[in-house]
Amino acid sequence: MGALESLLPHEQELNLDSLRDGLATLCAKVEHDASLEGTQFLVEPGRFLAGEAGVYVARINDIKVSRGKKFLIVDGGMNHHLAASGNLGQTIKRNYPIALVNKLSAKAEETVDIVGPCVLP
């Protein structure tokens with residue numbers, strides 16, 4: 001994968017061979033089921049096929065400490081992560097992997113909250 005891991009600790013890379021084999025097995029089981037005649041099956045494997053397609057970079061503009069918590073204020077907003085922003089009424093709480101571009105190989109030193117503006121284009 002590289003320095004910026006896109007998987008969270010509880011996730012693993014999608015095994016496309018296993019997906020293909022599993023789908024072939026399922027299709028073979030229902031191939032002659034009269035109730036499914038003419039049915040077309042589609043598979044949407046989610047972010048696993050496109051998740052490593054890019055990196056979102058934002059600049060830290062300020063650091064604020066409030067009530068014992070440290071906040072890094074960046075020039076990007078949650079609106080740039082539609083799945084996390086409540087797009088179309090769906091809110092998915094995600095702790096995206098984050099790294100400092102100038103310290104990719106360094107170990108994490110502390111836990112902070114990343115916040116930013118809602119920037120309109």
Side-chain angles (χ1 to χ4, degrees):
M1 279 207 173
L4 288 175
E5 295 292 328
S6 64
L7 298 176
L8 296 173
H10 65 279
E11 296 178 332
Q12 59 187 5
E13 193 170 328
L14 179 63
N15 182 326
L16 292 176
D17 291 331
S18 179
L19 176 63
R20 179 199 62 225
D21 295 345
L23 289 173
T25 300
L26 287 172
C27 288
K29 287 181 180 179
V30 299
E31 184 176 14
H32 301 291
D33 186 331
S35 66
L36 297 174
E37 187 175 334
T39 300
Q40 180 181 8
F41 294 94
L42 302 174
V43 176
E44 197 286 297
R47 72 178 183 89
F48 287 96
L49 288 183
E52 297 177 37
V55 176
Y56 179 75
V57 178
R59 181 183 315 257
I60 299 171
N61 290 331
D62 202 358
I63 299 172
K64 176 182 178 178
V65 177
S66 176
R67 298 182 180 179
K69 290 179 90 175
K70 188 179 219 179
F71 298 88
L72 303 183
I73 303 165
V74 298
D75 62 358
M78 203 165 102
N79 56 311
H80 299 146
H81 299 286
L82 289 179
S85 68
N87 185 38
L88 301 175
Q90 181 181 23
T91 303
I92 302 171
K93 171 109 170 82
R94 293 297 307 232
N95 292 318
Y96 292 98
I98 296 175
L100 295 173
V101 175
N102 62 344
K103 296 182 180 182
L104 290 177
S105 59
K107 289 192 172 228
E109 296 176 13
E110 63 184 321
T111 299
V112 299
D113 288 309
I114 309 292
V115 298
C118 181
V119 181
L120 297 176

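Quick note: residue numbers are just sequence positions, from 1. No experiment lies behind these values; they were computed from the predicted model shown.
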Run the side-chain contact (heavy atoms from CB on, under 4.5 Å) check on Phe41 and Leu36 step by step: do they pass?
CA-CA 10 Å; Phe41 294 94; Leu36 297 174; 4.2 Å; yes

Please determine whether the number of non-hydrogen atoms from other residues, nucleotides or ligands lying under 6.0 Å from atom CD of Gln40 exceeds 12.
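No, CD of Gln40 has 12 or fewer neighbouring heavy atoms, counting only those of other groups under 6.0 Å.
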
Establish whether [X] and [Y] are linked, either directly or via other cluster members, by ILVMFWY side-chain heavy-atom contacts under 4.5 Å.
| X | Y | value |
| --- | --- | --- |
| Leu16 | Leu23 | yes |
| Val112 | Val65 | no |
| Leu26 | Val30 | no |
| Ile63 | Leu100 | yes |

Quick one: closest heavy-atom pair of Asp75 and Arg59, and the distance?
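Here Asp75 and Arg59 meet closest at OD1-N, 2.8 Å.
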
Could you tell me which non-hydrogen atom of Gly76 sits nearest to which non-hydrogen atom of Ala58, and how far apart they are?
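Distance-wise, the nearest heavy atoms are N-CB, 4.2 Å.
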
Got a second to check how far [X]'s [atom1] is from [Y]'s [atom2], nearest 0.5 Å?
| X | Y | atom1 | atom2 | answer |
| --- | --- | --- | --- | --- |
| Lys69 | Thr111 | NZ | OG1 | 10.5 Å |
| Asp62 | Leu72 | CG | CG | 9.5 Å |
| Leu19 | Asn15 | CG | CG | 8.5 Å |
| Glu31 | Glu37 | CD | CD | 11.5 Å |

Identify whether the distance between the nearest side-chain nitrogen and carboxylate oxygen of Lys70 and Asp113 falls below 4.0 Å.
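The answer is no: the pair does not qualify as a salt bridge.
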
